[in-house]
Undergrad: 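Quick one: the structure is below, questions incoming.
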Amino acid sequence: MLSFSIAPPSMAAVFPRGSVSGTSTSSSFHGVRIRHAVPVRVPAATISSRKSSATVVMMAKREEELKAIRAKTTDEINEEVVDLKGELFMLRLQKSARNEFKSSEFRRMRKRVARMLTVKREREIEEGVGKRLSRKLDRQWKKSIVVRPPPSLKKLQEEEAAAEEAEKSA
């Protein structure tokens with residue numbers, strides 16, 4: 001909160017920059033005194049211990065997922081990135097068709113793809129691949145991708161085929 005008061009130039013005090021007086025800072029410019037209320041910071045630990053425990057659990061899951069990703073080869077990472085991007089495409093189709101879907105899956109998949117690409121780039125940096133060459137290799141890799149249905153679509157097609165066989169045999 002700002003408060004203004006007018007004082008004659010002889011009474012106006014000049015405060016050095018960055019000086020703090022209690023909970024407000026003051027400055028003076030040609031007799032106009034400006035006071036800024038400085039908010040008091042409360043340590044995060046006193047606000048909620050529940051939030052911090054949830055954050056720790058999320059970070060542990062993230063670290064566990066990164067360990068699993070780092071255990072994979074670069075080719076396996078590339079394959080999984082293609083599969084996840086296909087799944088994202090299927091989610092977008094479901095959304096546009098107004099079918100039921102979990103909106104949280106968008107964020108989860110995008111973050112998983114980002115983690116995989118980050119690990120892939122970390123490996124390139126370890127090998128000494130520069131930024132420009134990395135982008136060139138990435139463009140070549142994207143051109144070489146063979147389009148295939150995502151795993152969820154394959155699973156759906158298999159379930160439909162099994163249901164048709166069950167109808168024919170019944």
Side-chain angles (χ1 to χ4, degrees), residues 1-2 23-25 36-170:
M1 184 172 145
L2 290 173
T23 60
S24 67
T25 60
H36 304 276
V38 178
V40 178
R41 291 197 144 198
V42 178
T46 61
I47 294 174
S48 171
S49 62
R50 256 189 314 162
K51 270 189 175 180
S52 63
S53 65
T55 305
V56 170
V57 170
M58 286 175 43
M59 288 178 68
K61 286 181 182 178
R62 190 176 315 135
E63 290 298 320
E64 187 177 308
E65 185 179 9
L66 275 172
K67 283 181 185 175
I69 292 171
R70 286 193 172 103
K72 297 180 181 184
T73 64
T74 306
D75 292 332
E76 289 174 343
I77 289 175
N78 288 339
E79 293 298 316
E80 195 162 346
V81 165
V82 170
D83 288 343
L84 284 172
K85 289 206 174 201
E87 295 292 336
L88 277 169
F89 178 71
M90 292 301 296
L91 275 176
R92 283 195 302 272
L93 285 177
Q94 286 179 348
K95 183 179 179 182
S96 68
R98 306 216 179 195
N99 293 342
E100 288 186 21
F101 67 97
K102 289 185 178 179
S103 60
S104 62
E105 290 294 308
F106 280 109
R107 183 174 187 214
R108 190 184 63 76
M109 283 187 199
R110 278 197 322 261
K111 291 205 175 235
R112 185 156 172 84
V113 168
R115 286 187 189 110
M116 289 186 183
L117 293 177
T118 300
V119 169
K120 183 179 168 187
R121 179 64 184 135
E122 285 173 354
R123 290 181 182 170
E124 288 176 350
I125 290 172
E126 287 174 4
E127 295 170 4
V129 176
K131 191 185 221 179
R132 177 175 268 172
L133 181 59
S134 173
R135 288 184 178 167
K136 183 177 180 181
L137 292 172
D138 194 43
R139 280 192 302 270
Q140 290 173 353
W141 171 70
K142 285 179 180 176
K143 287 179 183 176
S144 70
I145 294 174
V146 177
V147 179
R148 62 178 188 268
S152 64
L153 186 60
K154 287 180 189 176
K155 183 178 161 187
L156 184 66
Q157 289 172 344
E158 290 171 359
E159 288 174 357
E160 288 176 356
E164 286 179 14
E165 286 182 28
E167 286 179 10
K168 288 180 183 178
S169 64

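When a residue number appears, it is its place in the shown sequence, counting from 1.
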Undergrad: Looking at every heavy atom in both I69 and I77, which two are closest together, and how far apart are they?
TA: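 Minimum heavy-atom contact is O-CD1, 3.8 Å.
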Undergrad: Rounded to the nearest 0.5 Å, how far apart are NZ of K61 and CG of L66?
TA: 14.5 Å
Undergrad: State, with a plain yes or no, whether a side-chain heavy atom of Q140 is found less than 4.5 Å away from one of L137.
TA: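 Touching, per the 4.5 Å side-chain cut-off.
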Undergrad: How long is the straight-line distance from CD of E76 back to CE of M116, given to the nearest 0.5 Å?
TA: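 With rounding to 0.5 Å, CE (M116) is 10.0 Å from CD (E76).
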Undergrad: I need the R110 CZ to L88 CG distance, nearest 0.5 Å.
TA: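 Those atoms lie 7.5 Å apart.
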Undergrad: For K102, enumerate each residue passing the salt bridge (Lys or Arg N to Asp or Glu O under 4.0 Å) test, keeping only those at least two apart in sequence or located in another chain.
TA: none
Undergrad: Got a list of side-chain donor-acceptor pairs under 3.5 Å for residues 124-134, not counting sequence neighbours?
TA:
from: E124; atom 1: OE1; to: R121; atom 2: NH1; distance (Å): 3.3
from: E124; atom 1: OE1; to: S134; atom 2: OG; distance (Å): 2.6

Undergrad: Measure the spacing between CD of E63 and NZ of K67 and express it to the nearest 0.5 Å.
TA: 7.5 Å
Undergrad: Do E122 and V119 have side chains that approach each other closer than 4.5 Å (heavy atoms only, starting at C-beta)?
TA: yes
Undergrad: Show every ring-ring contact (aromatic ring centres under 6.0 Å, His included) that has at least one partner inside residues 91-121, sequence neighbours left out.
TA: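 Matches after skipping sequence neighbours: F101-F106.
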Undergrad: Pairs of donor and acceptor atoms involving the side chains of residues 142-152, under 3.5 Å and at least two apart or interchain, shall be tabulated with distances.
TA:
from: S144; atom 1: OG; to: W141; atom 2: O; distance (Å): 2.8
from: R148; atom 1: NH1; to: E79; atom 2: OE1; distance (Å): 3.3
from: R148; atom 1: NH2; to: E79; atom 2: OE1; distance (Å): 2.9
from: R148; atom 1: NH2; to: D83; atom 2: OD1; distance (Å): 2.9
from: S152; atom 1: OG; to: E87; atom 2: OE1; distance (Å): 2.7
from: S152; atom 1: OG; to: E87; atom 2: OE2; distance (Å): 3.1

Undergrad: What pair of heavy atoms forms the shortest contact from Q94 to E100, and how long is it?
TA: OE1-O, 3.9 Å
Undergrad: Between CZ of R123 and OG1 of T74, what distance do you get to the nearest 0.5 Å?
TA: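 Result: 4.5 Å between the selected atoms.
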Undergrad: So, using salt bridge (Lys or Arg N to Asp or Glu O under 4.0 Å) as the criterion, who are the partners of R62 when residues are at least two apart?
TA: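 For R62 there are no salt bridge (Lys or Arg N to Asp or Glu O under 4.0 Å) partners, ignoring immediate neighbours.
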Undergrad: Considering only heavy atoms from C-beta outward, does the side chain of R108 approach that of E105 to under 4.5 Å?
TA: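 The answer is yes; the side chains approach within 4.5 Å.
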Undergrad: Are D138 and K120 packed together at the side-chain level, in the sense that at least one heavy-atom pair is separated by less than 4.5 angstrom?
TA: yes
Undergrad: Measure across M90 and L153 and return the closest heavy-atom pair with its distance rounded to 0.1 Å.
TA: CE-CD1, 3.9 Å
Undergrad: Would you give me the side-chain donor-acceptor pairs under 3.5 Å for residues 154-170, sequence neighbours excluded?
TA:
from: S169; atom 1: OG; to: E165; atom 2: O; distance (Å): 3.1
from: S169; atom 1: OG; to: A166; atom 2: O; distance (Å): 3.1

